[in-house]
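Quick notes on the structure that follows.
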Amino acid sequence: MALSELNRRRWRNFRANRRAHWSLMIFAVLFGLSLFAEFLANDHPLLVRYKGAWFSPVLHFHSEKEFGGDFATEAVYRDPVVQCLIIAAGNDGCFDTPDKTRAAAETGVIDGKAVQTGFILWPLIPYSYNTVNDIQGTAPSAPDARHWLGTDDTARDVLARVIYGFRLSVSFALLVSLISSLIGITAGAVQGYFGGLVDLIFQRVIEIWGSTPSLYVIIIMGAVFQMSFGLLVGLMVLFGWTSLVHVVRAEFLRARNFEYVRAARALGVSNGVIMLRHVLPNAMVATLTFLPFIVTGAISGLATLDFLGYGLPAALPSLGELTLEAKQNLQAPWLGFTAFFAFAIMLSLLVFIFEGVRDAFDPRKTFR
């Protein structure tokens with residue numbers, strides 16, 4: 001669908017803002033890669049060749065019996081015995097160390113005989129966010145060739161947890177911001193456009209609702225119910241939708257008596273069409289000004305709850321939990337540096353992007 005001349009001008013203004021444009025490019029690459037985190041960091045191979053057949057363990061369940069083992073449960077691909085079964089591919093001979101297994105896979109030689117061996121293709125990072133690794137020494141371990149950002153206090157790879165945690169944080173923030181903005185813009189538009197008794201009742205409701213200690217309520221709900229991603233999104237939306245109401249209400253109160261709005265009413269245009277097509281675009285600049293604070297606030301709120309232990313379940317990757325681990329393990333500074341730079345880069349990119357979007361929608365600003 002072709003863009004209108006107005007939207008093309010907005011896109012040109014956004015691209016002319018080099019900081020916002022490059023921030024969007026970098027953020028799109030990072031978030032796009034995190035959407036395929038299972039193919040970047042996983043303890044399941046991407047591809048396995050066994051006796052001429054190809055398997056994709058990262059996508060499908062395969063039992064150990066399918067590779068000549070004894071158990072009907074899912075194969076533990078990091079186990080040297082399972083790797084031996086796959087590499088040997090039914091040939092006589094096996095290996096008592098992972099080094100011999102890798103050597104057989106690379107050379108195709110088992111016990112001095114050239115044979116058709118199996119094949120295992122691992123992701124770039126052969127650990128998932130919940131993989132407990134066998135490290136030499138105590139956890140947390142410092143960064144090395146195997147774990148580029150080290151491990152946390154339960155021997156899980158930090159880089160894998162950052163990739164999954166980045167995806168989780170951004171998805172959570174965008175979902176909360178989208179739902180909160182839709183509710184807040186709708187409520188503010190109704191208040192400002194109709195005014196009178198509708199505005200009065202809405203204002204009293206928002207005053208009462210805004211005085212509710214949201215953090216305490218979320219902590220109480222987390223103590224009563226098993227917290228999940230959906231429940232936490234619902235609770236954050238429940239207390240976050242009021243942030244845009246006052247801005248949108250003020251814009252609709254100002255614009256509802258403009259000449260073009262009164263002319264549209266006189267021509268019989270419905271209130272919904274007037275609000276959506278004629279008044280709402282004027283409120284978008286003020287709305288987009290506050291949108292970065294909603295997104296970053298959702299990310300910060302999630303990190304705060306995870307840091308306090310009332311956020312998402314411990315089984316899920318969380319940057320807030322990584323911050324808590326950094327606090328509890330001051331002898332492992334790589335945890336603190338990783339959490340700081342992850343939040344700093346993510347929030348900075350989002351703020352720069354939304355600043356560019358805000359300026360692109362502002363008719364008073366033009367970039368060369």
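These numbers come from the heavy atoms of this one structure, side chains and all, not from hydrogens, waters or symmetry mates. Since the model is a prediction, treat every value here as computed from it, not as a measurement.
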(message) What I want to find out is whether K65 reaches D70 closely enough, with some N-O distance under 4.0 Å, to be called a salt bridge.
(response) no
(message) If you define the side chain from C-beta out and look only at heavy atoms, does anything of L302 sit under 4.5 Å from L312?
(response) yes
(request) List the steps and the verdict of side-chain contact (heavy atoms from CB on, under 4.5 Å) for D199 and R249. (result) CA-CA 9 Å; D199 185 29; R249 170 181 173 271; 2.7 Å; yes
(message) Less than 4.5 Å apart, side chain to side chain, heavy atoms only: is that true for L280 and M275?
(response) no
(message) Less than 4.5 Å apart, side chain to side chain, heavy atoms only: is that true for L291 and S181?
(response) yes
(request) For the residue pair L178 and L174, establish whether any side-chain heavy-atom pair is separated by less than 4.5 Å. (result) no
(message) Would the distance check show the side chain of S34 and the main-chain N or O of A37 forming a donor-acceptor pair, the cut-off being under 3.5 Å?
(response) no
(request) Please check if atom CZ in F27 has more than 12 non-hydrogen atoms from other residues, nucleotides or ligands closer than 6.0 Å. (result) yes
(request) Give, for atom CG of L349 and atom CE of M346, the distance between the pair rounded to the nearest 0.5 Å. (result) 9.5 Å
(request) Check whether the ring centres of F67 and F55 lie less than 6.0 Å apart, and answer yes or no. (result) yes
(request) For F61, look at atom CZ and say whether over 12 heavy atoms of other residues, nucleotides or ligands are found less than 6.0 Å away. (result) yes
(request) Would you mind reporting whether R167 and I163 have side-chain heavy atoms less than 4.5 Å apart? (result) no
(request) Taking the six-membered ring for Trp and the full ring for Phe, Tyr or His, determine whether the centres of H278 and F258 are under 6.0 Å apart. (result) no
(request) Determine, step by step, whether I274 and R256 satisfy the side-chain contact (heavy atoms from CB on, under 4.5 Å) criterion, reporting the C-alpha distance in whole Å, the side-chain angles of both residues, the deciding distance to 0.1 Å, and the verdict. (result) CA-CA 9 Å; I274 295 174; R256 67 175 183 164; over 6 Å; no
(message) Side chains of E38 and H44 only: does a donor on one sit below 3.5 Å from an acceptor on the other?
(response) no
(message) I'd like to know if the side chain of N329 reaches the main chain of Q331, judged simply by a donor and an acceptor atom lying under 3.5 Å from each other, with no hydrogens or angles considered.
(response) no
(message) Less than 3.5 Å apart, any donor N or O on the side chain of S128 or D43 sitting next to an acceptor on the other?
(response) no
(request) Quick one: sort the H62 and H60 rings into parallel, tilted or perpendicular, breaks at 30° and 60°. (result) perpendicular
(request) Evaluate ring pair (Phe, Tyr, Trp, His ring centres under 6.0 Å) for W122 paired with Y77, printing each intermediate quantity in order. (result) CA-CA 10 Å; W122 289 97; Y77 299 95; 7.1 Å; no
(message) Quick check for you: to the nearest 0.5 Å, what is the distance between L159 atom CG and T151 atom OG1?
(response) 12.5 Å
(message) Could you check whether atom CZ of R18 has more than 12 heavy atoms from other residues, nucleotides or ligands sitting under 6.0 Å from it?
(response) no
(request) Determine, using the 4.5 Å side-chain heavy-atom cutoff (strictly less than), whether V224 and L215 are members of one ILVMFWY cluster. (result) yes
(message) Any side-chain to backbone donor/acceptor pair from W209 onto L238? Under 3.5 Å, distance only.
(response) yes
(message) For the aromatic rings, using the six-membered ring if either is Trp, is the centroid distance between W334 and F337 under 6.0 Å?
(response) no
(request) Side-chain contact test, heavy atoms from C-beta onward, threshold under 4.5 Å: evaluate it for F166 versus P317 and give yes or no. (result) no
(message) Is the positively charged end of R19 above the ring of F352, judged by distance under 6.0 angstrom from the centroid and angle within 45° of the axis?
(response) yes
(message) What I want to find out is whether E325 reaches R161 closely enough, with some N-O distance under 4.0 Å, to be called a salt bridge.
(response) no
(request) Please indicate whether F340 has more than 12 foreign heavy atoms, meaning atoms of other residues, nucleotides or ligands, lying under 6.0 Å from its CZ. (result) no
(request) Calculate, to the nearest 0.5 Å, the distance between atoms CG and OH belonging to L85 and Y50 respectively. (result) 6.5 Å
(request) Starting from the C-alpha separation in whole Å, work towards a yes-or-no answer on side chain to side chain donor-acceptor pair (under 3.5 Å) for R78 and N133. (result) CA-CA 10 Å; R78 299 178 72 243; N133 300 282; 3.2 Å; yes
(message) As an exercise, state the distance from OG1 of T131 to CD1 of I125, rounded to the nearest 0.5 Å.
(response) 11.0 Å
(request) Considering only NZ, NE, NH1 and NH2 on the basic side and carboxylate oxygens on the acidic side, decide whether K51 and E66 come within less than 4.0 Å. (result) no
(request) Would you indicate whether the side-chain heavy atoms of R265 and V269 approach each other to under 4.5 Å? (result) no
(request) Could you give me the CA-CA distance, side-chain angles and deciding distance for D306 and L319, then say whether side-chain contact (heavy atoms from CB on, under 4.5 Å) is met? (result) CA-CA 8 Å; D306 289 335; L319 297 179; over 6 Å; no
(request) Let me see the working for L232 and I218 under side-chain contact (heavy atoms from CB on, under 4.5 Å), right down to the final yes or no. (result) CA-CA 8 Å; L232 191 55; I218 294 176; 4.2 Å; yes
(message) If you define the side chain from C-beta out and look only at heavy atoms, does anything of Q203 sit under 4.5 Å from I206?
(response) yes
(message) Just verifying a value: how many Å separate Q191 CD and L200 CG, rounded to the nearest 0.5 Å?
(response) 10.0 Å
(message) Regarding R254 and E251, does a basic nitrogen lie under 4.0 Å from an acidic carboxylate oxygen?
(response) yes
(request) Give a yes-or-no answer on whether the side chains of N271 and Y193 include a donor-acceptor pair shorter than 3.5 Å. (result) yes
(request) Look up atom CG in L244 and atom CD1 in I294, then write down how far apart they are to the nearest 0.5 Å. (result) 3.5 Å
(message) Just checking F229: does its CZ atom have more than 12 heavy atoms from other residues, nucleotides or ligands closer to it than 6.0 angstrom?
(response) yes
(message) Would you say that more than 12 heavy atoms from the other residues, nucleotides or ligands in this model lie under 6.0 Å from the CZ of F239, or not?
(response) yes
(message) Check whether S243 reaches the backbone of G240 with its side chain - one donor and one acceptor, N or O, closer than 3.5 Å.
(response) yes
